[in-house]
Q: 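Let me give you the structure first, and then I'll get to my questions.
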Amino acid sequence: MAPVLPLVLPLQPRIRLAQGLWLLSWLLALAGGLTLLCSGHLLVQLWHLSTFLAPSCPFATLPQVALAAGTMALGTGLVGAGASRASLDAAQYPPWRKVLGPLLVAGTAAGGGLLVFALGLTLALPGSLDTGLEEGLGTALAHYKDTEVPGHCHAKRLLDELQLRHHCCGRHGYKDWFGVQWVSSRYLDPSDQDVVDRIQSNVEGLYLIDGVPFSCCNPHSPRPCLQSRLSDPHAHPLFDPRQPSLNLWTQGCHAALLGHLQSLASTLGSMLTVTFMLQILVLLGLRYLQTALEGLGGIIDGEGEAQGYLFPSGLKDMLKTAWLQGGVAHRPAPEEAPAEEAPPKEGLPEA
C-alpha cells in the first residue's frame, strides 16, 4: 500500500522543515491570540448593545465560536512550536512523540472544524444582524418614555448615550421620533388643551409631536439646537428643514450600528482566514515531520533519507483494512467440534 502524498526529506530539508515550523507555529499562536482579542471585543460590543438587538438574533454565536477557534489555534501554535523545537534535539524529542498524534487529530478535527464553522457564520449571519437591529431599535424607541416601568427604566439613558456616541438619531432618521410617544405621560399637563387635542387626534391615544430628544442634537451646530416643530418651515427663522444636518444627526442608528458591527465582524473574518491558513500549514508540516522522524527512530540527524507522508496508505485501503480488521474482531469464533472417536480396530482373523 503506497503512502498518500509521500515526500522524501534528506537531512538538511528536515532541519529546515523543523525550523520553519517553529516560526509558523509562533505565527499561528499570534494569529490565535489576535482572533481571541477580536472575538472578545465583538462579544463585549454585542453585550453593551444587547438592548438594541432582538433577543432572537443569532449574531452573538459568531464571536462565541470564534473564541473557541482562537483558543484551539493558540494551543496548536504553542504545542507545535515546542514540538518542532524539540525535534532538533534527539534527547528532547521522545516526550513529544506522544503529544504529536493527539495534537494533529485535535487540531484537524476540532480546531479546523471550529475555524470553518466560524468562517461560515461570518458569511451567513450579517443578514440576521440587520433584522435584529431593526426589531430591537423599534422596541427601544417605543420604551424611551418608560422611565419608571420596571425592566425599561434604563431605556431612555441607553438610547440617549447611543445617539450621542454614534452620532445618530432615530432608527432610520430623526423623523422616526415623530411616530412614537417619547415624552412620558407623567410630564404632560392634562389641562393643556394642545396636549388633549394631540392625544384625542391619535387613534392609539398617544402624544405625538414633530420633535426629537436632546441627544439628536449636533453639538457642532453653530446655532442652538432645535428640537420641536421641526416639520413647520415657518416655526424657526433661518432654519431649513430640508437641511437638518446643520442642527441634528441625520443618520439613523440602524445604519450606524450595522456599519459598526459589520466592520468588527469583517475584521474578525479576516483574522479567522489568516488563522485557518496558518493552521493548515502548521498541521501539514508537523505531520510530515512526525512521519519522517518515525522512520529514523526520532533522530532528525539520522543517516540517510526519510520519507514523510500524510497517511500510510490510500483512503480506500485504509477503510478496507479497518473494515476487515473490524470484521475479524467481531466475527464469532467457530465452535470447536468434538473430536471424532477412532473406529475400533477389527480383530485379526485367527490363523
Side-chain angles (χ1 to χ4, degrees), residues 31-32 34-73 109-144 146 151-152 154-177 179-180 182 215-216 249-277 279:
L34 291 176
T35 300
L36 284 175
L37 290 177
C38 291
S39 53
H41 180 56
L42 178 56
L43 196 61
V44 170
Q45 290 293 307
L46 290 173
W47 178 74
H48 282 301
L49 298 173
S50 59
T51 305
F52 313 109
L53 276 171
S56 59
C57 181
F59 190 75
T61 308
L62 169 59
Q64 293 171 357
V65 175
L67 275 174
T71 304
M72 285 295 302
L114 286 171
L115 284 170
V116 172
F117 186 35
L119 285 170
L121 292 177
T122 305
L123 299 175
L125 287 183
S128 67
L129 179 62
D130 189 350
T131 306
L133 286 172
E134 185 77 20
E135 180 182 343
L137 284 170
T139 304
L141 262 68
H143 290 297
Y144 182 87
D146 300 332
H152 302 293
H154 298 295
K156 178 183 181 301
R157 176 181 61 84
L158 294 175
L159 193 48
D160 283 333
E161 291 177 352
L162 175 71
Q163 294 188 144
L164 290 171
R165 183 181 300 112
H166 291 277
H167 297 174
C168 60
C169 183
R171 181 164 49 178
H172 297 290
Y174 72 97
K175 290 186 178 181
D176 291 335
W177 289 106
V180 296
W182 56 272
S215 53
C216 284
W249 302 121
T250 55
Q251 184 184 32
C253 291
H254 179 276
L257 290 182
L258 186 64
H260 174 62
L261 293 176
Q262 283 185 342
S263 175
L264 295 179
S266 176
T267 303
L268 178 57
S270 301
M271 284 308 309
L272 287 169
T273 303
V274 173
T275 304
F276 180 67
M277 298 301 296
Q279 184 146 328

Q: Nearest heavy-atom pair of Gly112 and Gln279: which atoms, and what distance?
A: N-NE2, 3.6 Å
Q: If every non-hydrogen atom of Thr275 is compared with every non-hydrogen atom of Gly32, which pair is closest and at what distance?
A: OG1-N, 4.2 Å
Q: Could you grab the distance from atom CG of Leu272 to atom CG of Leu114, nearest 0.5 Å is fine?
A: 10.5 Å
Q: I'd like to know if the side chain of Ser266 and the backbone of Gln262 have a donor-acceptor N/O pair within less than 3.5 Å.
A: no
Q: Any chance you could measure Leu49, atom CG, to Leu162, atom CG, to the nearest 0.5 Å?
A: 6.5 Å
Q: State which residues pass side chain to side chain donor-acceptor pair (under 3.5 Å) with Ser39; sequence neighbours excluded, sorted by chain then number.
A: none
Q: Counting C-beta onward and ignoring hydrogens, is there a side-chain heavy-atom pair between Thr35 and Thr71 closer than 4.5 Å?
A: no
Q: Below 30° counts as parallel, above 60° as perpendicular, anything between as tilted: where do the rings of Trp177 and Trp182 land?
A: perpendicular
Q: Verify, without hydrogens or angle tests, whether Ser263 (side chain) and His260 (backbone) share a donor-acceptor contact under 3.5 angstrom.
A: no
Q: With salt bridge (charged side-chain N to carboxylate O under 4.0 Å, His left out) as the rule and sequence neighbours excluded, what pairs involving residues 124-134 come up?
A: Glu134-Arg171
Q: Identify, with sequence neighbours excluded, every residue that meets side-chain contact (heavy atoms from CB on, under 4.5 Å) alongside Phe276.
A: Leu115, Val116, Leu119, Ile280
Q: Can you tell me how far CG of Leu257 sits from NE2 of His166, rounded to the nearest 0.5 angstrom?
A: 5.5 Å
Q: How long is the gap from CG on Leu121 to CD on Gln64, to the nearest 0.5 Å?
A: 10.0 Å
Q: Could you give all pairs that pass the salt bridge (charged side-chain N to carboxylate O under 4.0 Å, His left out) test and reach residues 158-168, with sequence neighbours left out?
A: Lys156-Asp160, Arg157-Glu161
Q: Atom OG1 of Thr139 and atom NE2 of His152: how far apart are they, to the nearest 0.5 Å?
A: 9.0 Å
Q: Determine the minimum heavy-atom distance between Ala265 and Leu62, stating which atoms define it.
A: CB-CD2, 4.1 Å
Q: Could you go through residues 51-61 and list every donor-acceptor pair under 3.5 Å that involves a side-chain atom there, pairing it with any protein atom two or more places apart or in another chain?
A:
unit_1	atom_1	unit_2	atom_2	d
Thr61	OG1	Pro58	O	2.9

Q: How close do Cys38 and Leu268 get, counting heavy atoms only, and between which atoms?
A: CB-CD1, 3.8 Å
Q: Working to the nearest 0.5 Å, report the span between CG of Leu37 and CG of Leu42.
A: 12.5 Å
Q: Taking the two cysteines Cys169 and Cys253, decide whether their SG atoms are closer than 2.5 angstrom.
A: no
Q: Side chain to side chain donor-acceptor pair (under 3.5 Å) with His167: which residues, sequence neighbours excluded?
A: none
Q: Determine the minimum heavy-atom distance between Ser215 and Gln163, stating which atoms define it.
A: OG-NE2, 2.5 Å
Q: How close do His143 and Ala155 get, heavy atom to heavy atom, and via which atoms?
A: O-CB, 3.5 Å
